[in-house]
> 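Dumping the structure here so I can ask a few things about it.
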Amino acid sequence: PSVYREEAVFLGEFGFLVRRNFPNLQFLSVWNETMEENARGPNVDNVNALFVACLSPDGTEKTLEEENSEEPITPEEIEEEDLTETQKAIRRVIQNADDSYRVRFFTPIVSKIRMRVSATVSTSYIVSDVKAKIVEVILAEYGKESAASRRGMSNPLYRDVYSLLTSKIAALTDGEADLMVSVDDYSDPMSVRPELWRFVSEESLTVTVTTRNIVRNT
C-alpha cells in the first residue's frame, strides 16, 4: 500500500508487515481466503484465515518443485509440530497486529521460468563476454535473489526483457545487432497460485550469441 499503518488491516499491509520484520526472507507470499478459494475452491477451513508461504535465508523450510504448468502441484500445509522458528515468529507478528486471524503455512512451490535469448552482435565483440553479460543481467532482474522473485512474479513481459538487455548491453544496440527473446507460457495467472515462487535460474535460461559483420551506428 502507498500508506502503511502499524495496525495491519488490509492484505497488502500484512505482507508489508512481515517483510518489514523479516527483510531477508528468500521468498514470501501472504494471501487471504478469497485468493485461496480462487486457487482451490471453497472450504470452511479457509474462513477467517491468512495463508503464508515463505523461505528463510538459510532455506530451512520445505519447498516443492513444479516442472511445468500442465502438471500443477498442490502445496502441502505445514503442521504445527513442523513449523520452523521463522514461521512461528511470522505468525506472532501477524497475530500481534490482528489476533482474529488464524495463520496457516504452506510450502512454496518452486516454478522456474524457462527463457531463451538469441542475440547477433558485431564481430568486434567477444561472444563469451556478451553471453556472460546477458546471463548476468537476466539473473539480476529475474533470478532467484531478485526483488521480483522474493514477492512472487508472473512471466516477464517481452518488452521489459528487450528494454532491460538493450539498456544494459552496448553490443545489442550496435548497428544491425539483433535480439530475440522467448519465454515459456504459464497458463495459470500468479493471482490464482499465490504459493508459486517463480524465477529464472541458470538451468532454465538458454543464451545463444552469434556474430556477423555489422556496421556500427555513428
Side-chain angles (χ1 to χ4, degrees), residues 4 8 10-41 43 45-69 71-114 139-155 186 188-205:
Y4 172 71
F10 300 106
L11 178 62
E13 291 175 336
F14 282 108
F16 186 98
L17 176 70
V18 175
R19 289 189 181 92
R20 181 170 175 268
N21 284 271
F22 302 89
N24 296 322
L25 291 174
Q26 291 190 57
F27 172 74
L28 173 69
S29 179
V30 180
W31 66 99
N32 59 12
E33 177 183 349
T34 299
M35 295 175 69
E36 174 64 21
E37 295 191 346
N38 283 340
R40 281 169 279 278
N43 191 314
D45 288 341
N46 299 334
V47 176
N48 208 35
L50 282 178
F51 307 83
V52 179
C54 66
L55 187 67
S56 56
D58 59 6
T60 305
E61 294 76 22
K62 179 180 180 180
T63 63
L64 301 174
E65 185 164 344
E66 185 171 282
E67 293 296 330
N68 59 73
S69 62
E71 299 177 0
I73 294 176
T74 301
E76 298 176 4
E77 183 164 7
I78 302 170
E79 302 297 332
E80 178 67 28
E81 60 270 20
D82 296 323
L83 292 177
T84 65
E85 291 305 313
T86 297
Q87 289 167 331
K88 291 176 182 178
I90 288 173
R91 181 173 60 187
R92 286 194 296 271
V93 165
I94 292 174
Q95 292 185 330
N96 283 341
D98 191 332
D99 61 6
S100 67
Y101 283 103
R102 293 179 297 111
V103 183
R104 301 172 61 188
F105 288 89
F106 287 82
T107 53
I109 304 293
V110 177
S111 175
K112 296 178 182 177
I113 300 171
R114 298 193 177 279
L139 294 184
E141 186 72 17
Y142 304 111
K144 183 177 180 179
E145 298 181 3
S146 66
S149 81
R150 291 171 184 262
R151 289 168 169 75
M153 66 176 174
S154 56
N155 274 9
Y186 197 87
D188 288 335
M190 283 298 298
S191 59
V192 180
R193 303 285 306 284
E195 71 281 357
L196 283 181
W197 182 18
R198 306 204 70 220
F199 55 85
V200 179
S201 69
E202 290 190 26
E203 296 77 22
S204 67
L205 174 63

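Here the structure is a predicted model, which means the values were calculated and not measured.
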> Taking only residues two or more places apart in sequence, or in another chain, which ones meet Asn96 in a side-chain contact (heavy atoms from CB on, under 4.5 Å)?
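For Asn96, no residue satisfies side-chain contact (heavy atoms from CB on, under 4.5 Å) once neighbours in sequence are set aside.
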> Quick one, Phe22 with Leu28, criterion side chain to side chain contact (heavy atoms under 4.5 Å, CB included). Give me CA distance, side-chain angles, the key distance, then yes/no.
CA-CA 10 Å; Phe22 302 89; Leu28 173 69; over 6 Å; no
> For the pair Arg102 (side chain) and Asp45 (backbone), establish whether a donor and an acceptor sit closer than 3.5 Å, ignoring hydrogens and angles.
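Present.
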> Suppose we screen for side-chain hydrogen bond (donor to acceptor under 3.5 Å, both in side chains). Which residues come up paired with Ser201, at least two apart in sequence or across chains?
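Listed in chain order: Glu203, Ser204.
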> Test of understanding: with side-chain hydrogen bond (donor to acceptor under 3.5 Å, both in side chains), list the residues that count as partners of Asp58, not counting sequence neighbours.
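Asp58 satisfies side-chain hydrogen bond (donor to acceptor under 3.5 Å, both in side chains) with Ser56, Thr60 once adjacent residues are dropped.
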> If we ignore hydrogens and angles and just use 3.5 Å, is the side chain of Asn21 paired with the main-chain N or O of Ile90 as donor and acceptor?
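Looks like no, no N/O pair under 3.5 Å.
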> Check salt bridge (charged side-chain N to carboxylate O under 4.0 Å, His left out) between Glu85 and all other residues, then give those that pass, not counting sequence neighbours.
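Here the qualifying residues are Lys88.
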> At what distance, to the nearest 0.5 angstrom, does CG of Asn38 lie from CZ of Arg40?
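With rounding to 0.5 Å, CG (Asn38) is 10.5 Å from CZ (Arg40).
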> Could you work out, with ring pair (Phe, Tyr, Trp, His ring centres under 6.0 Å) as the rule, every residue matching Tyr142, not counting sequence neighbours?
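Ring pair (Phe, Tyr, Trp, His ring centres under 6.0 Å) list for Tyr142, sorted by chain: empty.
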> Check Ser29 against Pro194 and note the closest heavy-atom contact, atom names and distance.
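Shortest heavy-atom separation between Ser29 and Pro194 comes out as OG-O, 2.6 Å.
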> Using side-chain heavy atoms (C-beta onward) and a distance below 4.5 Å, is Trp197 in contact with Ser149?
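Trp197 vs Ser149: side chains touch.
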> By salt bridge (charged side-chain N to carboxylate O under 4.0 Å, His left out), which residues pair with Glu79, not counting sequence neighbours?
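Testing Glu79 for salt bridge (charged side-chain N to carboxylate O under 4.0 Å, His left out), a comparison that skips the adjacent residues, returns none.
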> Identify, with sequence neighbours excluded, every residue that meets salt bridge (charged side-chain N to carboxylate O under 4.0 Å, His left out) alongside Glu77.
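Testing Glu77 for salt bridge (charged side-chain N to carboxylate O under 4.0 Å, His left out), a comparison that skips the adjacent residues, returns Arg104.
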> Donor-acceptor pair, distance only, cut-off 3.5 Å: does the side chain of Asp98 make one with the backbone of Ile94?
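The answer is no, because no donor-acceptor pair under 3.5 Å joins these two groups.
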> Begin with the C-alpha distance, continue with both residues' side-chain angles, and end with the deciding distance and a verdict on side chain to side chain contact (heavy atoms under 4.5 Å, CB included) for Val103 and Gln95.
CA-CA 8 Å; Val103 183; Gln95 292 185 330; 4.1 Å; yes
> Test of understanding: with side-chain contact (heavy atoms from CB on, under 4.5 Å), list the residues that count as partners of Glu33, not counting sequence neighbours.
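Partners of Glu33 by the side-chain contact (heavy atoms from CB on, under 4.5 Å) criterion, ordered by chain and then number, come out as Glu37, Asn46, Val47.
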> Who pairs with Glu202 by side-chain hydrogen bond (donor to acceptor under 3.5 Å, both in side chains), at least two apart in sequence or on another chain?
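By the side-chain hydrogen bond (donor to acceptor under 3.5 Å, both in side chains) rule, Glu202 matches no residue at all.
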> Rounded to the nearest 0.5 Å, how far apart are CD of Glu65 and NZ of Lys112?
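Result: 4.5 Å between the selected atoms.
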> Not counting sequence neighbours, which residues clear salt bridge (charged side-chain N to carboxylate O under 4.0 Å, His left out) with Arg150? List them please.
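None.
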> List for me each residue that meets side-chain hydrogen bond (donor to acceptor under 3.5 Å, both in side chains) alongside Arg92, sequence neighbours excluded, and say none if there are none.
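Per chain and number, Arg92 pairs via side-chain hydrogen bond (donor to acceptor under 3.5 Å, both in side chains) with no residue.
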> Can you tell me how far the CG atom of Leu55 sits from the CG atom of Leu25, to the nearest 0.5 Å?
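Interatomic distance, Leu55 CG to Leu25 CG, rounded to 0.5 Å: 8.0 Å.
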> Start with the C-alpha gap between Thr107 and Glu76, add the side-chain angles, then the distance that decides, and say whether side chain to side chain donor-acceptor pair (under 3.5 Å) holds.
CA-CA 5 Å; Thr107 53; Glu76 298 176 4; 5.3 Å; no
> Give a yes or no on whether the backbone of Arg198 and the side-chain of Ser111 come within a donor-acceptor separation of less than 3.5 Å.
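Here the side-chain-to-backbone pair does not exist.
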> Nearest 0.5 angstrom please: Glu61 CD to Phe105 CZ, how far?
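One finds 9.0 Å between CD of Glu61 and CZ of Phe105.
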> Considering non-hydrogen atoms only, spot the tightest contact between Ser146 and Ala140 and give its length.
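Nearest pair, atom of Ser146 first, then Ala140: CB-O, 3.5 Å.
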> Out of curiosity, Glu195 CD to Thr63 OG1, how far, rounded to the nearest 0.5 Å?
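Between Glu195 CD and Thr63 OG1, I get 12.5 Å after rounding to 0.5 Å.
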> Centroid separation under 6.0 Å, is that true for the rings of Phe14 and Tyr101?
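Ring-ring flag for Tyr101/Phe14: true, centres closer than 6.0 Å.
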> Would you please classify the geometry between the Phe51 ring and the Trp31 ring as parallel, tilted or perpendicular, with 30° and 60° separating the classes?
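Answer is parallel, since the angle falls under 30°.
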> Going by side-chain contact (heavy atoms from CB on, under 4.5 Å), name the residues that satisfy it together with Ile73, two or more places apart in sequence or in a different chain.
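Residues passing side-chain contact (heavy atoms from CB on, under 4.5 Å) with Ile73: Leu64, Glu66, Ile109.
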